[in-house]
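Here the structure comes first, spelled out in structure tokens, and everything after it is commentary.
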Amino acid sequence: MTCRFRCGDACFHEVPNTSANEYLGDVIAGALSRRSVMRAAAVVTVATAAGTAVNVVGAEGAEAATAASHPHPSASPSSSVSSSSVPRGLRFTPVAPNTADAVTVPGGYGQNVVIRWGEPILRGAPAFDPEEQTAAAQAGQFGYNNDFLALLPLHGNQKLLVANHEYTDEILMFRGYDAANPTREQVEVAWAAHGLSAVVVEGDRRTGKLTPVLRHPLNRRVTATTEFRITGPAAGSDLLRTSTDPTGRKVLGTLNNCSGGTTPWGTTLHGEENFNQYFANSSRDTDKRYGIGTGATERKWERFDKRFDVAQEPNEVHRFGYVVEFDPYDPSSTPRKHTALGRFKHEAATIRMTSDGRPVVYTGDDERFDYFYKFVGSKRMRHGDSRSVREHNLSLLDEGTLYVAKLTGDSPAIEIDGSGKLPADGEFDGSGTWIPLATATAKGAVSHVDGMTAEEVFVFTRLAGDKVGATKMDRPEDIEPNPVTGKVYVALTNNSNRGKAGFAAADEANPRNSNKHGQILELTERWNRAESTSFAWTLFLVAGDPKDPATYFAGFPKDDVSPISCPDNVAFDRHGNLWISTDGSQLGSHDGLFGVATKGARRGELKQFLTVPTGAETCGPVIGERQVLVAVQHPGEIDGASVEKPASTWPDGPGKIVRPAVVAVWRTDGCDIGV
């Protein structure tokens with residue numbers, strides 16, 4: 001069911017990337033040696049945390065009674081892990097793998113549901129009634145299937161929570177839903193349930209509990225029909241003009257927003273991921289490369305708006321698949337789609353600043369055998385809060401150079417046999433280059449890809465990556481720079497087609513055939529400078545059951561780590577520990593959130609912090625000093641489930657409709673997380 005509604009059954013369709021790129025182990029000549037890059041990186045000072053936008057926030061907590069809504073182990077947070085050698089931020093008793101229909105947290109931790117699908121957040125919005133839901137009501141209520149989260153500062157005990165609403169699952173939303181014949185009202189409710197929510201939340205001074213401030217002036221909904229501004233080098237292009245927008249600069253809505261990021265100038269970024277599934281009746285090769293189908297869609301939106309029918313409105317699909325920038329502090333602002341960051345299935349967009357104040361954006365293309373990218377801006381950020389300064393900063397992602405990654409392993413190809421066995425040097429590692437695709441300036445744009453114009457590169461970015469021989473990866477999803485070390489981490493979720501007949505075999509960065517558990521890639525930019533065009537890389541983690549010899553945890557003893565499968569979103573705490581949320585665990589337990597040390601003697605020690613309910617995915621994580629937030633997405637999404645036959649009773653218990661929601665977790669003794 002998740003495959004049906006989130007990505008249009010992408011894994012059951014033909015892999016869109018049929019290019020004959022070279023693979024790791026085949027590309028040796030001319031590559032930088034990893035050791036030379038590492039030597040170069042070692043002499044540079046660590047990037048400052050202030051220059052990196054990551055999901056790290058402070059949150060007030062205090063001494064309080066436990067507010068946990070579900071049972072958890074009775075051990076104290078420090079039992080069994082009191083040794084000072086355990087990294088700060090990870091001193092908790094790991095949660096055991098389980099299949100409980102609950103959010104399960106470590107002993108000594110409390111939790112609360114912050115906000116659920118359908119809760120009214122705008123003035124005039126009615127209370128949620130799943131039996132009488134309307135599009136008008138949903139447009140003023142918290143959207144469906146929350147994914148990326150950002151928790152931004154306000155005054156006092158209040159914060160501004162921003163959430164993505166990736167997709168809708170109509171079978172779990174509407175009683176008696178007929179998938180072959182949705183009604184207009186159901187379709188319009190779904191349009192209103194997509195997009196973004198901004199909602200002010202109030203912290204409890206005695207606990208880590210957060211409560212939404214309903215109908216606050218900063219609360220806002222962005223939906224599939226909200227007006228957006230198209231910016232950057234492809235704005236106004238013939239490729240983006242439609243019958244309703246002959247300028248090619250204005251589009252309605254954002255779809256399938258997955259993960260995202262925050263910016264140092266106070267905005268949030270949101271990646272449009274599986275946008276292809278909303279568009280019907282295509283016959284073009286360029287659309288085939290993006291997985292856009294030739295027939296009807298699952299939701300049948302094309303019946304109610306011709307813009308979702310490629311045969312009737314061929315350019316509308318070119319207006320989706322971008323990184324969206326949203327200003328949550330200005331409810332009157334128009335969100336933007338930045339074409340300079342390329343068009344593909346963006347899983348995320350995270351920023352690291354150069355030493356001279358220019359943004360570098362990392363983003364992955366969540367598809368089997370697709371690529372990951374970075375954008376290096378050419379304009380410097382300005383400080384201040386005047387209108388002119390904010391307008392300048394909102395243009396920073398419109399000028400610069402877009403790159404795609406090409407990786408080379410440093411072991412002979414014969415040592416990479418697809419089993420996950422480490423090569424003779426004891427690591428999966430190598431070097432890489434950032435290949436320029438196109439550069440956008442205030443005076444125009446220049447293509448660096450033979451046979452493609454700059455506009456074509458920015459609209460058909462996957463084809464540009466094919467042409468320059470980028471490295472095919474195992475579903476590159478979230479990419480985050482570490483605020484303490486400056487290293488960059490790439491979550492590669494899985495790829496069951498790796499090594500099958502007609503597909504690319506294992507290589508050093510993707511070392512297992514039929515890869516169902518995924519891995520985490522660690523990059524070190526040359527000289528530790530975000531704008532570098534070369535890097536060293538190593539596989540930091542090869543996921544799966546630690547008892548499986550094909551797994552690897554940065555060299556840490558595997559008998560002392562938690563099992564993990566399908567890494568998806570990543571974030572960091574203030575200590576530099578990596579936190580990983582999972583999606584689609586193949587180990588028989590529910591998905592969860594994990595913390596792992598990235599440096600020191602215990603580098604690679606992975607510990608499970610929580611699990612989510614039946615059918616749910618762990619998303620969004622925000623790792624604060626006193627509080628952790630997760631988005632519990634698509635709970636109860638199990639084949640055969642429906643409103644009438646729910647597979648989960650979370651979060652409100654039996655007899656209530658299952659609802660995606662945001663959860664806050666905190667220590668009941670008022671101390672910092674994992675300290």
Side-chain angles (χ1 to χ4, degrees), residues 112-152 154-170 172-175 182-203 209-229 250-255 257 267-268 270 301 304-305 324 326-335 631 643 651-652 656-662:
N112 82 291
V113 174
V114 179
I115 190 167
R116 302 159 171 79
W117 163 49
E119 291 194 36
I121 62 174
L122 302 187
R123 288 188 174 92
F128 179 61
D129 182 351
E131 305 298 338
E132 299 291 337
Q133 183 69 316
T134 67
Q138 179 64 81
Q141 298 167 340
F142 194 69
Y144 198 78
N145 268 345
N146 34 233
D147 195 298
F148 167 74
L149 301 174
L151 196 60
L152 306 175
L154 284 177
H155 299 293
N157 229 30
Q158 291 187 337
K159 305 281 185 183
L160 183 53
L161 176 67
V162 180
N164 278 359
H165 301 297
E166 185 175 2
Y167 70 98
T168 49
D169 186 332
E170 284 77 355
L172 299 182
M173 295 171 68
F174 304 114
R175 188 180 301 277
T183 68
R184 172 170 285 278
E185 187 69 59
Q186 289 169 336
V187 167
E188 291 184 353
V189 168
W191 291 346
H194 277 72
L196 318 172
S197 288
V199 57
V200 174
V201 292
E202 183 95 33
K209 182 178 181 180
L210 290 176
T211 304
V213 180
L214 304 182
R215 302 171 179 87
H216 190 282
L218 286 179
N219 291 0
R220 188 175 179 189
R221 280 301 324 281
V222 172
T223 74
T225 59
T226 300
E227 182 177 314
F228 280 72
R229 177 181 170 189
K250 182 175 69 175
V251 61
L252 296 182
T254 183
L255 298 172
N257 296 97
T267 62
T268 53
H270 310 266
W301 288 4
F304 304 94
D305 190 333
V324 169
F326 173 64
D327 186 351
Y329 292 106
D330 182 1
S332 66
S333 63
T334 300
V643 172
D652 297 320
K656 303 290 186 179
I657 193 168
V658 63
R659 298 165 75 178
V662 177

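Only a predicted model underlies this, so the values are computations on that prediction, with no experimental measurement involved.
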Pairwise side-chain contact, [X] with [Y], heavy-atom cut-off 4.5 Å (strictly under):
{"X": "Thr183", "Y": "Phe174", "answer": "no"}
{"X": "Arg220", "Y": "Pro328", "answer": "no"}
{"X": "Leu149", "Y": "Leu161", "answer": "yes"}
{"X": "Leu151", "Y": "Val201", "answer": "yes"}
{"X": "His270", "Y": "Thr254", "answer": "no"}

When rounded to the nearest 0.5 angstrom, what distance separates [atom1] in [X] from [atom2] in [Y]?
{"X": "Leu252", "Y": "Glu227", "atom1": "CG", "atom2": "CD", "value": "7.0 Å"}
{"X": "Leu214", "Y": "Phe142", "atom1": "CG", "atom2": "CZ", "value": "11.5 Å"}
{"X": "Asn164", "Y": "Asp147", "atom1": "CG", "atom2": "CG", "value": "6.0 Å"}
{"X": "Arg659", "Y": "Ile115", "atom1": "CZ", "atom2": "CD1", "value": "9.5 Å"}
{"X": "Tyr329", "Y": "Thr268", "atom1": "OH", "atom2": "OG1", "value": "9.5 Å"}
{"X": "Ile657", "Y": "Arg175", "atom1": "CD1", "atom2": "CZ", "value": "7.5 Å"}

Worked check of side chain to side chain contact (heavy atoms under 4.5 Å, CB included) between Val213 and Leu218 | CA-CA 10 Å; Val213 180; Leu218 286 179; over 6 Å; no
Could you tell me which non-hydrogen atom of [X] sits nearest to which non-hydrogen atom of [Y], and how far apart they are?
{"X": "Trp301", "Y": "Ala190", "result": "CZ2-CB, 4.0 Å"}
{"X": "Tyr144", "Y": "Asp169", "result": "CE2-N, 3.5 Å"}
{"X": "Ser197", "Y": "Gly143", "result": "OG-N, 3.6 Å"}
{"X": "Ala135", "Y": "Ala192", "result": "O-CB, 3.8 Å"}

For [Y], does its backbone N or O pair with a side-chain atom of [X] as donor and acceptor, under 3.5 Å?
{"X": "Asn145", "Y": "Tyr167", "value": "yes"}
{"X": "Asn219", "Y": "Ile121", "value": "yes"}
{"X": "Arg215", "Y": "Ala125", "value": "yes"}
{"X": "His165", "Y": "Gly195", "value": "no"}
{"X": "Arg221", "Y": "Gln141", "value": "yes"}

Set of residues satisfying ring-ring contact (aromatic ring centres under 6.0 Å, His included) with respect to Phe128, sequence neighbours excluded =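 Counting only residues at least two positions away or on another chain, Phe128 forms a ring-ring contact (aromatic ring centres under 6.0 Å, His included) with Trp117.
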All ring-ring contact (aromatic ring centres under 6.0 Å, His included) counterparts of Phe326, not counting sequence neighbours |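 Scan of Phe326 (ring-ring contact (aromatic ring centres under 6.0 Å, His included), adjacent residues dropped) gives none.
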Look at atom CD of Glu131 and say whether more than 12 heavy atoms of other residues, nucleotides or ligands are closer to it than 6.0 Å.
-> yes
For the pair Met173 and Gln133, evaluate side chain to side chain contact (heavy atoms under 4.5 Å, CB included) and give the outcome as yes or no after the intermediate values.
-> CA-CA 9 Å; Met173 295 171 68; Gln133 183 69 316; over 6 Å; no
Checking Val199, Asn146, Val662, Thr211 against Val114 for side chain to side chain contact (heavy atoms under 4.5 Å, CB included), the one that qualifies is Val662
Between Thr168 and Glu170, does any side-chain donor sit less than 3.5 Å from a side-chain acceptor?
-> yes
